[in-house]
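Here the structure is a predicted model, which is why all the values come from computation and not from measurement. Here, residue 1 is the first one in the sequence, and each next residue gets the next number.
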Amino acid sequence: MNIKKTILIVPFLVLATVAHAAYYSVNDNAIWQTLPDLSAYDGVEIASGKKLTLAPASGVTMSFTKVIAGDGELAFAGAGILELRGENTFRGQFTINGTGEVHAYTDGAFGSPEGLTYHFQTSSADATTPQSKIYLHGITTAEPFALWNNDKQRPLYSATGTTNTLTGVIDVRSSNQADIYAQDDSVLNIRGGIVGSGSNQIRFST
């Protein structure tokens with residue numbers, strides 16, 4: 001008797017579990033939204049006509065390495081520190097207010113140069129009063145800046161030991177004087193020009 005033996009080879013089926021990224025979308029909700037933290041998200045998308053406000057509390061550092069994208073606007077209104085470490089592509093205006101600090105570590109930190117970074121300080125403060133500040137950490141950007149302050153303040157800093165290059169226009173909208181401050185061992189190249197009118201002034205300090 002001949003017995004035929006058949007060997008059936010079944011390949012292993014490997015099932016992989018893929019975790020979906022937590023992506024924060026400012027789209028069909030309220031016109032504006034405020035977040036105290038971004039650490040839970042792998043990216044942010046801001047739709048046209050919408051605004052996302054980042055508001056870290058005093059003593060808190062919000063560091064974001066992912067991309068903030070979309071046609072909408074970004075705002076900072078916190079008393080803490082915001083570190084932008086991603087190559088952001090959002091195209092709306094970036095308004096900076098509050099009493100905290102915004103630190104830019106990448107060329108794309110401020111988003112697409114189609115927008116505008118607007119440092120808006122409404123309080124008539126002296127040099128000892130807390131006010132929001134922008135620190136540049138070794139970046140080159142074509143982002144245009146608008147500086148609006150009611151008193152003699154230092155809204156823009158070239159951080160210690162870094163070289164920074166600004167090729168966009170700096171628009172001084174101050175009713176008094178706004179300082180651009182270069183900290184120790186830093187270089188700030190301004191290649192896009194400075195505009196302003198009336199009593200508006202800008203002063204470079206070290």
Side-chain angles (χ1 to χ4, degrees), residues 18-121 131-148 155-159 162-171 173 188 192:
V18 179
H20 292 283
Y23 207 81
Y24 191 83
S25 177
V26 184
N27 189 359
D28 55 356
N29 297 306
I31 293 176
W32 58 269
Q33 296 175 42
T34 300
L35 277 179
D37 189 16
L38 278 176
S39 61
Y41 302 102
D42 291 329
V44 174
E45 179 82 22
I46 310 172
S48 177
K50 308 294 183 179
K51 178 188 286 188
L52 175 64
T53 298
L54 303 177
S58 178
V60 174
T61 296
M62 181 192 298
S63 185
F64 196 57
T65 61
K66 303 300 191 294
V67 172
I68 302 173
D71 293 321
E73 297 184 19
L74 186 67
F76 171 80
I81 295 174
L82 172 63
E83 295 180 347
L84 296 173
R85 297 179 178 271
E87 293 291 349
N88 300 316
T89 60
F90 68 92
R91 287 176 287 277
Q93 179 171 294
F94 182 18
T95 303
I96 298 172
N97 201 338
T99 59
E101 301 174 0
V102 175
H103 292 254
Y105 288 90
T106 65
D107 295 350
F110 297 107
S112 167
E114 298 172 45
L116 168 73
T117 291
Y118 188 18
H119 182 279
F120 183 75
Q121 191 72 43
Q131 55 207 270
S132 58
K133 298 177 176 64
I134 304 168
Y135 288 85
L136 310 177
H137 294 265
I139 72 170
T140 297
T141 180
E143 179 79 2
F145 286 85
L147 308 178
W148 199 102
L156 191 58
Y157 284 71
S158 181
T162 65
T163 297
N164 299 279
T165 301
L166 305 180
T167 62
V169 172
I170 300 175
D171 182 2
R173 303 179 182 180
L188 179 60

_What verdict does the side chain to side chain contact (heavy atoms under 4.5 Å, CB included) test give for L84 and V102, after you've listed the backbone C-alpha separation in whole Å, the side-chain angles of each residue and the deciding distance to 0.1 Å?_
CA-CA 8 Å; L84 296 173; V102 175; 4.2 Å; yes
*With distance as the sole test, does T95 use its side chain to make a donor-acceptor pair with the main-chain N or O of Y118 at under 3.5 Å?*
no
*Heavy-atom closest contact (E45 atom, G70 atom, distance)*: OE2-CA, 3.4 Å
*Can you measure from CD1 (I68) to CZ (F110) and round to the nearest 0.5 angstrom?*
11.5 Å
*Indicate the atoms forming the closest heavy-atom contact of K133 with H119, along with that distance.*
N-NE2, 4.3 Å
_From D107 atom CG to E87 atom CD, the distance as rounded to the nearest 0.5 Å_ = 6.0 Å
*Could you tell me which non-hydrogen atom of I139 sits nearest to which non-hydrogen atom of A104, and how far apart they are?*
CG2-O, 3.7 Å
_Between K66 and Y41, is the side chain to side chain contact (heavy atoms under 4.5 Å, CB included) condition met? List the steps._
CA-CA 8 Å; K66 303 300 191 294; Y41 302 102; over 6 Å; no
_Any donor-acceptor pair under 3.5 Å from Q93 side chain to E73 backbone_ = no
*Provide the closest heavy-atom pair for G86 versus T106 in the form atom of the first, atom of the second, distance.*
O-OG1, 2.7 Å
*Given L74, which of L82, I46, V44 fulfils the side chain to side chain contact (heavy atoms under 4.5 Å, CB included) condition?*
I46
_Reported CG-to-CG distance for the pair L147 and L156, which is rounded to 0.5 angstrom_ = 6.0 Å
*Looking just at side-chain N and O atoms, do T141 and E143 make a donor-acceptor pair shorter than 3.5 Å?*
no
*Rounded distance (nearest 0.5 Å) linking atom OH of Y157 with atom CD1 of I134*: 11.0 Å
*Roughly how far apart are L188 CG and T165 OG1, rounded to 0.5 Å?*
7.5 Å
*Determine, stepwise, if the pair L54 / F64 fulfils side chain to side chain contact (heavy atoms under 4.5 Å, CB included).*
CA-CA 11 Å; L54 303 177; F64 196 57; over 6 Å; no
*Output yes when a side-chain donor or acceptor of N88 lies under 3.5 Å from a complementary backbone atom of A109, and no otherwise.*
yes
*Using the ring of each side chain (for Trp, its six-membered ring), is Y135 parallel, tilted or perpendicular to H137, with breaks at 30° and 60°?*
tilted
*Looking only at heavy atoms, what is the nearest atom pair of S158 and N164, with distance?*
OG-ND2, 2.9 Å
*Which atom names give the shortest non-hydrogen contact between P56 and M62, and what distance separates them?*
CD-CE, 3.9 Å
*Are the side chain of N97 and the backbone N or O of A77 linked by a donor-acceptor pair below 3.5 Å?*
no
_Approximate separation, where rounding is to 0.5 Å, of F76 CZ and I81 CD1_ = 8.5 Å
*Intermediate values then yes/no, side chain to side chain contact (heavy atoms under 4.5 Å, CB included), T162 and L136*: CA-CA 8 Å; T162 65; L136 310 177; 5.8 Å; no
